[in-house]
Number of protein chains: 2
Amino acid sequence: MDNLLKYIRSLTSFSDGSWELLQPVLTKKEFKKNELLLRQGQVCNSLFYIDNGYCKSYYEIDGVVKNTGFFFENEIATNINSFGNGQKSEFNIVACEPLTTIIFNKDKLFKTAQQANEIETLGRNCIRLFATKQEEFSTLFKLYSAQERLEYLETKHPEILQRVSLSQLASFLGVARETLSRIRKRRVLG
Amino acid sequence: MDNLLKYIRSLTSFSDGSWELLQPVLTKKEFKKNELLLRQGQVCNSLFYIDNGYCKSYYEIDGVVKNTGFFFENEIATNINSFGNGQKSEFNIVACEPLTTIIFNKDKLFKTAQQANEIETLGRNCIRLFATKQEEFSTLFKLYSAQERLEYLETKHPEILQRVSLSQLASFLGVARETLSRIRKRRVLG
DNA sequence: ATAATTATGTGACGTTTATCACAGGTCTGA
DNA sequence: TCAGACCTGTGATAAACGTCACATAATTAT
């Protein structure tokens, strides 16, 4: 839980009392590699704080897997639309490595947040980080070519390239696996 | 202000008292067509509730304009990263029509939110909607081709196609103006 | 250890897209 | 009403990309 508390305090002022109040909201849960955190069609009632390992969100369309996001240590993974609106999730979240998470239960979180303003503020800041990340990657496709998107990741998010295989990265960058292989080759040579 | 109050109450329960408390946070402001709401390099200290008209966010790179978002009535426009972290904005927001907005002042909003939990909750829900929208459009590029992205807008967001010109839409869809023109022709015929 | 699975690289080929150039249409302000 | 600005369409051509096929690592499971 130490990592989580540090994470929270990097976002917002958080008293020891708020941390105590938050405890009943939290559950530690481990996932094996390839185990699902969220299944398509389910409603997402959790925020998953990633304590160790990483996971990804993906759509499965006509039997083809398309990765839409990767979530590493000290990030929150969730389906923000499903979590907020109670709608069924259109995508899955799966552990890519053995994964340690701390789960925020939605109902308990909302009830506790009504009692403690610091917890409400924490929720706002978690969502804000999520929105910032989404905006960042959404913009990439409008501004840059596939090669430029790869270069962006190399400079701004090298951890993704270090931990995610080329095949997994391809659909996230919006190109075919073979194309990404060739882009990478061009860059190593040129 | 009527539209704003309806908008707020569609998001969260909001007492008359909270609405009174919120008033000093709000300023009504009108923009002429092509007037900037936010300029690249500035820090964004506002949430712009769109009461009437629409605006867009755009990057200007090597003299070329790339549109990254459109914001219509009953939406909040802002730079979520700049607003939340106090960093300089990397893009502009400009009125595409004569525009009526209601501006939330950041400092006043934060101070008022500490006093009234309903206002803090409102802030969280505004950001949540923003995150949901970003995620939606981010996913489009990973799942669909340019033609499929256009079809998605036709079914899910027809208001964009009705009000935004083809030239303006092209960079938002991540294709050249000429390509979008040809895609549209293919679709009308086929 | 070995078989099976998964990941990567590469060639061939067809499709899609970007870019440049230019023509005609529409809107708008002086 | 007329000039300038913007918008849309279209042809030609080159570049980028997707798909299929197959070979070769590298990893994983038994």
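These values consider heavy atoms only, across backbone and side chains, with no hydrogens, waters or symmetry-generated copies. Each chain gets a letter, A, B and so on, in the order its sequence line appears, and its residues count up from 1.
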Look at the aromatic rings of His157(B) and Phe137(B) and report parallel, tilted or perpendicular, splitting at 30° and 60°. tilted
Heavy atoms under 4.0 Å, any strand shown: does Gln147(A) hit a base, just sugar-phosphate, or nothing? nothing
By nearest-heavy-atom nucleotide on DNA chain C, the more 5' of Ala176(B) and Val164(A) is Val164(A)
Using 30° and 60° as the class boundaries, would you call the ring planes of Tyr7(A) and Tyr49(A) parallel, tilted or perpendicular? tilted
Rounded to whole Å, the CG-P distance (Leu180(A) to dT19(D)) equals 14 Å
Per atom distances to the Arg186(A) side chain, the nearest of dC17(D), dT19(D), dT8(D) is dC17(D)
message = So, OP1 or OP2 of dT10(D): does either fall under 4.0 Å of a side-chain N or O from Lys185(B)?
response = yes
So the contacted stretch of DNA chain C, first to last nucleotide with an atom under 4.0 Å from a non-hydrogen atom of chain A, runs from dA7(C) to dA12(C)
Across all chains, not counting sequence neighbours, the side chain to side chain contact (heavy atoms under 4.5 Å, CB included) partners of Ser15(B) are Ser18(B), Glu118(B)
Requested in this report: Could you tell me whether the side chain of Arg149(A) and the main chain of Leu173(A) form a donor-acceptor pair under 3.5 Å?
Outcome: yes
Lys33(B) atom NZ is separated from dA5(D) atom C1', nearest whole Å, by 11 Å
- On a plain distance test, is the side chain of Arg177(A) in donor-acceptor contact with the base of dG18(D) below 3.5 Å? no
Quiz item: Any chance CZ of Arg39(A) has more than 12 other-residue heavy atoms, nucleotides or ligands included, within less than 6.0 Å?
Solution: no
When rounded to whole Å, the OH to P distance for the pair Tyr144(B) and dG18(D) reads 17 Å
To the nearest angstrom, the CZ-P distance between Arg182(B) and dT10(D) comes to 9 Å
Rounded to whole Å, the CD-P distance (Glu148(A) to dC17(D)) equals 10 Å
Taken to the nearest whole Å, CZ/Arg184(A) to P/dC17(D) is 16 Å
Would you say Tyr144(B) has more than 12 foreign heavy atoms packed within less than 6.0 Å of its OH? no
Taking donor-acceptor contacts at under 3.5 Å, does the side chain of Glu178(A) reach the base of dC20(D)? yes
In Thr27(A), Leu4(A), Asn52(A), Leu37(A), the residue satisfying side-chain contact (heavy atoms from CB on, under 4.5 Å) with Thr101(A) is Leu37(A)
